[in-house]
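All ligand and atom numbering here is 1-based and tracks the order in the structure. Numbers here are sequence positions counted from 1.
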Amino acid sequence: MAQNLNEDTLLEMYEKMLLIRKFEEKLYFLFLTRVMPGSMHQCNGQEACAVGVCANLVKNDYITSTHRGHGHCLAKGADVKAVMAEMFGKKTGLCKGMGGSMHIADFSVGMLGANGIVAAGIPQAAGAAWACRYLKNDHIAVAFFGDGAANEGVFHEGLNLAAVWKLPVVFVCENNLYGLSTHYRKVTAVENIAARAAAYNMPGTIVDGMDVLAVYETAREAVARARNGGGPTLLECKTYRYMGHSRFEKPSYRTQEEVEEWKQKDPIPAFAGRLKEEFMVSKEAITAIERKVDEEIENAVKYAEAGPDPEPDDYKQYIYA
Ligand SMILES: Cc1ncc(C[n+]2csc(CCOP(=O)(O)OP(=O)(O)O)c2C)c(N)n1
Ligand SMILES: [Mg+2]
């Protein structure tokens with residue numbers, strides 16, 4: 001139970017969520033002030049999903065991500081400075097400036113990549129899980145994807161094969177109600193995406209994706225099942241994104257009231273409150289984390305700004321012939 005978690009783990013989860021939130025808030029500011037090139041997809045509001053799941057993983061476990069991948073990348077343990085430099089397209093970035101926001105990856109921590117192709121990470125995670133089986137290690141893979149991805153063909157193919165082969169994988173659907181500007185109920189026959197697990201003979205679980213401890217506990221079971229040879233699980237996190245789909249946002253597909261309603265459930269202040277009241281964490285300890293995160297982000301921006309741009313010919317080093 002959550003009550004058995006030690007203070008370090010609890011504070012680490014708080015720190016990671018805060019890091020993701022502040023990292024993206026900084027990106028948003030840099031984007032608006034035209035320092036940041038390109039576009040991006042923010043996960044503000046969804047932090048508890050990435051952090052609650054990844055808190056159950058070890059470095060050599062794998063994750064695959066989506067176009068909305070900053071949170072997954074940081075939750076899996078990628079270096080903040082290198083992630084920031086990648087956002088700037090710098091040579092000092094995690095992918096030498098060749099990936100940017102939507103194709104960022106860090107194999108050294110098992111982060112197999114953000115992905116511009118909706119649902120593409122699902123079969124990739126099944127493949128990584130198959131590799132873990134083949135190599136006879138006890139590592140597992142997790143695929144993060146959205147509600148929109150759950151309507152793609154590879155979702156069904158990936159879950160089916162993973163179940164048939166009992167692969168060590170967890171499929172984590174972050175149902176934030178929308179795929180771009182389309183409400184999921186307009187394009188999804190079932191209310192709960194987790195219900196589809198029945199078709200693939202695997203457990204399907206629904207969890208409050210705004211509650212990091214609930215995500216942690218539920219994912220813990222699914223991760224243990226995968227690791228112990230019990231096969232895959234479909235885990236649906238009910239969540240919400242506070243920002244637009246991307247930096248380009250179609251107006252008026254959702255109401256301000258709806259956004260405000262979900263902001264009342266913001267996973268970060270809610271968890272800070274629980275840390276103080278339920279887990280007796282001091283106000284000072286919380287403030288110290290907030291300061292540490294601010295400093296970390298400031299340093300990351302300085303590091304990114306100072307880094308060199310890639311040379312035009314650099315790309316030749318990173319292609320296969
Ligand atoms: C195969 C494919 N189809 C369409 C798109 C365009 N597209 C990019 S993001 C997106 C919405 C995805 O929604 P969801 O899976 O719910 O993820 P969310 O954006 O909500 O995190 C779409 C349709 C794409 N990138 N790839
Ligand atoms: Mg969605």
Side-chain angles (χ1 to χ4, degrees), residues 17 20-21 23-24 27-28 38-54 63-76 99-105 111 113-126 142-159 170-196 206-210 215 234-255 258-259 261-263 265 267:
M17 286 204 292
I20 296 167
R21 174 69 56 88
F23 182 91
E24 288 198 327
L27 283 193
Y28 181 57
S39 186
M40 62 175 164
H41 305 79
Q42 293 174 244
C43 70
N44 303 43
Q46 304 185 193
E47 295 89 347
C49 307
V51 171
V53 170
C54 287
I63 66 163
T64 62
S65 175
T66 68
H67 51 286
R68 204 175 297 292
H70 309 143
H72 305 137
C73 197
L74 292 169
K76 192 64 177 65
S101 165
M102 234 195 300
H103 299 103
I104 194 158
M111 184 343 187
N115 207 310
I117 310 295
V118 169
I122 295 172
Q124 286 174 349
V142 171
F144 287 100
F145 55 93
D147 45 285
N151 292 329
E152 291 281 355
V154 288
F155 166 86
H156 302 282
E157 295 170 38
L159 267 69
V170 182
F171 298 104
V172 179
C173 179
E174 296 176 324
N175 183 352
N176 61 10
L177 305 187
Y178 296 91
L180 252 161
S181 53
T182 302
H183 195 279
Y184 84 105
R185 284 319 309 275
K186 276 193 188 160
V187 290
T188 307
V190 286
E191 181 178 354
N192 298 313
I193 287 159
R196 289 181 171 168
I206 299 169
V207 67
D208 177 0
M210 310 304 273
V215 175
L234 173 59
L235 174 60
E236 179 181 4
C237 302
K238 303 283 191 185
T239 186
Y240 199 77
R241 64 166 157 74
Y242 296 149
M243 304 299 284
H245 168 74
S246 66
R247 292 295 83 246
F248 171 75
E249 170 75 342
K250 278 188 192 172
S252 71
Y253 61 88
R254 58 182 190 176
T255 62
E258 182 182 282
V259 180
E261 206 178 292
W262 280 88
K263 280 190 175 172
K265 308 178 202 171

Novice: Side chain or backbone of Asp147 under 4.0 Å from ligand 1, or both, or neither, by non-hydrogen atoms?
Specialist: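 Asp147 to ligand 1: contacts from backbone and side chain alike.
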
Novice: Can you tell which part of His41 has a heavy atom less than 4.0 Å from ligand 1: side chain, backbone, both or neither?
Specialist: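 For His41, no heavy atom sits under 4.0 Å from ligand 1.
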
Novice: I'd like to know if the side chain of Tyr240 pairs up with that of Glu261 as donor and acceptor (distance under 3.5 Å, no hydrogens or angles considered).
Specialist: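 Distance-only check fails for Tyr240 and Glu261.
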
Novice: Quick test of your reading of the structure: of His67, Gln46, Glu152, whose heavy atom lies closest to atom 12 (C) of ligand 1?
Specialist: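 Residue with the shortest heavy-atom distance to the ligand atom: His67.
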
Novice: Can you tell me if an N/O/S atom from Tyr178 lies under 2.8 Å from the Mg ion (ligand 2)?
Specialist: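 Yes - counting backbone and side chain alike, Tyr178 has an N, O or S atom under 2.8 Å.
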
Novice: Taking N, O or S atoms only and a limit of 2.8 Å, check whether Asn176 reaches the Mg ion (ligand 2).
Specialist: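 Yes, since at least one N, O or S atom of Asn176 sits under 2.8 Å from the Mg ion (ligand 2).
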
Novice: List the closest protein heavy-atom neighbour of atom 16 (O) of ligand 1: residue, atom name, distance to the nearest 0.1 Å.
Specialist: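 Going atom by atom, the protein heavy atom closest to atom 16 (O) of ligand 1 ends up being Gly148 N, 2.8 Å.
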
Novice: Looking only at the side chains, is there a donor atom on one of Arg68 and His245 sitting less than 3.5 Å from an acceptor on the other?
Specialist: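 Arg68 vs His245: donor-acceptor pair found between side chains.
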
Novice: Among all protein heavy atoms in this structure, tell me which lies nearest to atom 8 (C) of ligand 1, with the distance rounded to 0.1 Å.
Specialist: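 Of every protein heavy atom, Val118 CG2, 3.8 Å lies nearest to atom 8 (C) of ligand 1.
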
Novice: How does Tyr178 reach ligand 1, by side chain, by backbone, by both or by neither, if only non-hydrogen atoms under 4.0 Å count?
Specialist: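 Just the backbone.
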
Novice: Measuring from atom CZ of Arg196 to atom CD of Glu236, what distance do you get when rounded to the nearest 0.5 angstrom?
Specialist: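 Going from CZ on Arg196 over to CD on Glu236, the span is 9.5 Å.
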
Novice: Counting backbone and side chain alike, does Glu174 bring an N/O/S atom below 2.8 Å of the Mg ion (ligand 2)?
Specialist: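 Given the 2.8 Å cut-off, Glu174 does not count as a ligand of the Mg ion (ligand 2).
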
Novice: Does ligand 1 have any atom that is closer than 4.0 Å to a heavy atom of Thr66?
Specialist: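 For ligand 1, residue contact (heavy atoms, under 4.0 Å) with Thr66 is absent.
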
Novice: To the nearest 0.5 Å, how far apart are CG in Asn115 and CE in Met102?
Specialist: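 If I round to the nearest 0.5 Å, the distance is 9.5 Å.
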
Novice: Would you verify that at least one protein heavy atom lies under 4.0 Å from atom 6 (C) of ligand 1, or report that none does?
Specialist: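 No.
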
Novice: Which residue and non-hydrogen atom of the protein lie closest to atom 13 (O) of ligand 1, and at what distance in Å?
Specialist: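 The answer is Gly179 CA, 3.3 Å.
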
Novice: Atom 25 (N) of ligand 1: which protein heavy atom is closest, and how many Å away?
Specialist: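 Answer, as residue, atom name and distance: Gly116 O, 2.8 Å.
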
